[in-house]
Amino acid sequence: MVIDDILVTRNIFRRFSREFQSIFEVDVAIAGAGPAGLVAGKYLAEAGKKVVIFERKLSIGGGMWGGGMTFPVIVVQRDAKHVLDEAEVEMKNEGNGYYSADSIEAVTKLCAMAINAGTKIFNTVSVEDVLLRGKKINGFVINWSTVEIAGLHVDPLSIRATYCVDATGHAAEICNIVRKKVGSLRTPTGDLQRERSMCAEIGEKTVVENTKEVYPGLFVAGMAANAVYGAPRMGPIFGGMLLSGKKAAELILEKLNRS
Ligand code: 48F
């Protein structure tokens, strides 16, 4: 077979164009392919919903890649273990109520699980704004991360979604944008609260409790949920992130299936 450079180019552009066009209108758009975003994507896609995740970086996985202080190991508690089991991540029972897993295996398998369920992930794409219709968030405004990093003055594009998820981690970027440009969030003060210092005991519980619809059409999941509601960080224990992603999916499915 003769290798034709131009056919390689043509095939890449053709396939990208097909796939990109297929996500202009989706049921759910998620900002951030960390553990919370990947897990939310998996459960939504598995339920037959059309889901896209936009990830700013080249790599998916967010803060899970590095385990604890770059030791490539994460810890999960018993009640969250089933999510990693579903992804076929091998875990070691440490015999003290915790399970440990290889962080690289966990990230890659969570990603595979989301993709196998039907989630489409676009990396190197940043969500820079939201699309509004009346008082409901109705999609994301996106741009290439390279454009963002280079500071180029290039207008973005928009995609429509029935529901959006902020799974951008500590920075809670989408909630920040909404608070600045759109209006009050559904928090006690209407503002974002300040993320608290580390306390895994509280943080692991609140991250699931704080997974909510924070503005009509926008759900917050993962570390962003604790950042928005002023709860503690929790370090390299990831059960809360997994359960938060799952809860976001369940809340959205409830709404999608009602309408
Ligand atoms: O930070 P990240 O892993 O968020 P998470 O899923 O999990 C948090 C834990 O990793 C850890 C922790 C556990 O103790 O606290 O931090 O809540 O993943 C967030 C992803 O979102 C991407 C970012 O690159 C990362 O991969 N991201 C952030 N802002 C944007 C974005 C944006 N505006 N557009 C697209 N992606």
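Computation of the quantities below employed the complete heavy-atom set of this structure, encompassing side-chain atoms and omitting hydrogens, waters and symmetry-equivalent molecules. Each ligand, and each atom within it, is numbered from 1 in the order the structure gives. These figures come from a predicted structure and were not determined experimentally.
Among all protein heavy atoms, the one lying closest to atom 21 (O) of ligand 1 is Gly32 CA, 3.2 Å. Scanning the protein for heavy atoms near atom 19 (C) of ligand 1, the closest one is Ala167 O, 3.4 Å. Of the protein's non-hydrogen atoms, Phe238 CE2, 3.6 Å is the one closest to atom 9 (C) of ligand 1. Nearest to atom 3 (O) of ligand 1 among the protein's heavy atoms is Gly63 N, 2.7 Å. Scanning the protein for heavy atoms near atom 28 (C) of ligand 1, the closest one is Thr168 CB, 3.5 Å. The single protein non-hydrogen atom nearest to atom 18 (O) of ligand 1 is Gly34 CA, 3.4 Å, given as residue, atom name and distance.
Electrostatic pairing of Glu254 and Arg258 counts as a salt bridge here, judged by a charged N lying under 4.0 Å from a carboxylate O.
Counting only distance, with no hydrogens or angles, the side chain of Lys109 and the backbone of Ala87 share no donor-acceptor pair below 3.5 Å. For the pair Gln77 (side chain) and Gly239 (backbone), a donor-acceptor distance under 3.5 Å is present.
Contact analysis leaves Ala171 out of contact with ligand 1, as no non-hydrogen atom separation drops below 4.0 angstrom. For Arg233, the heavy-atom gap to ligand 1 stays at 4.0 angstrom or more.
Using cut-offs of 30° and 60° on the angle between ring planes, the pair Phe140 and Phe54 is perpendicular.
In Glu201, the CD atom is not crowded: 12 or fewer heavy atoms of neighbouring residues, nucleotides or ligands sit closer than 6.0 Å. Within 6.0 Å of atom OH in Tyr98, 12 or fewer heavy atoms from other residues, nucleotides or ligands are found, so the atom counts as exposed in its surroundings.
Using a 4.0 Å cut-off between heavy atoms, Met223 contacts ligand 1 through both its backbone and its side chain. Contacts with ligand 1 closer than 4.0 Å are made by side-chain heavy atoms of Met241 only, the backbone lying farther away. If you look at Ser244 next to ligand 1, there are no close heavy atoms at all, none under 4.0 Å.
A side-chain N or O of Thr168 and one of Asp166 form a donor-acceptor pair less than 3.5 Å apart.
The side-chain hydrogen bond (donor to acceptor under 3.5 Å, both in side chains) with Tyr43 is formed by just one residue from the set Lys49, Glu86, Lys247; it is Glu86.
To the nearest 0.5 Å, atoms CD (Glu128) and CD (Glu148) are separated by 7.5 Å.
Listed by number with element, the atoms of ligand 1 under 4.0 angstrom from any heavy atom of Phe54 are 35 (C), 36 (N). Each of the atoms 34 (N), 35 (C) of ligand 1 lies under 4.0 Å from some heavy atom of Ser126. Of all atoms in ligand 1, listed by their number and element, those nearer than 4.0 Å to a heavy atom of Met64 are 10 (O). Proximity to Ala36 (heavy-atom distance under 4.0 Å) selects the following atoms of ligand 1: 6 (O). Short contacts between ligand 1 and Val125, defined as distances under 4.0 Å to a heavy atom of the residue, involve ligand atoms 35 (C). Near Gly222, with a cut-off below 4.0 Å to any heavy atom, the atoms of ligand 1 are 17 (O). In the vicinity of Gly169, heavy-atom distances shorter than 4.0 Å reach the ligand 1 atoms 1 (O), 4 (O), 17 (O), 19 (C). Those atoms of ligand 1 with a heavy atom of Gly235 less than 4.0 angstrom away are 13 (C), 14 (O).
Looking at Lys57 next to ligand 1, no N or O pair under 3.5 Å apart turns up. Residue contacts with ligand 1: Val127 is placed with a nitrogen or oxygen under 3.5 Å of a nitrogen or oxygen of the ligand (distance criterion only).
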#### Entry: Intermediate values then yes/no, side chain to side chain contact (heavy atoms under 4.5 Å, CB included), Leu84 and Ile74
CA-CA 11 Å; Leu84 292 186; Ile74 58 161; 4.2 Å; yes
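Proximity annotation for atom 24 (O) of ligand 1: of His170, Glu55, Arg56, Glu148, Glu55 comes nearest, heavy atoms only.
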Residues 24-40, side-chain donor-acceptor partners within the protein, below 3.5 Å, at least two apart:
from: Glu25; atom 1: OE1; to: Arg160; atom 2: NH1; distance (Å): 2.9
from: Asp27; atom 1: OD2; to: Lys50; atom 2: N; distance (Å): 2.7

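For residues 180-226, the set of pairs meeting the ring-ring contact (aromatic ring centres under 6.0 Å, His included) definition, not counting sequence neighbours, comprises Tyr163-Phe219.
Here the closest heavy-atom approach between residue Lys212 and residue Leu251 is recorded as CA-CD1, 4.2 Å.
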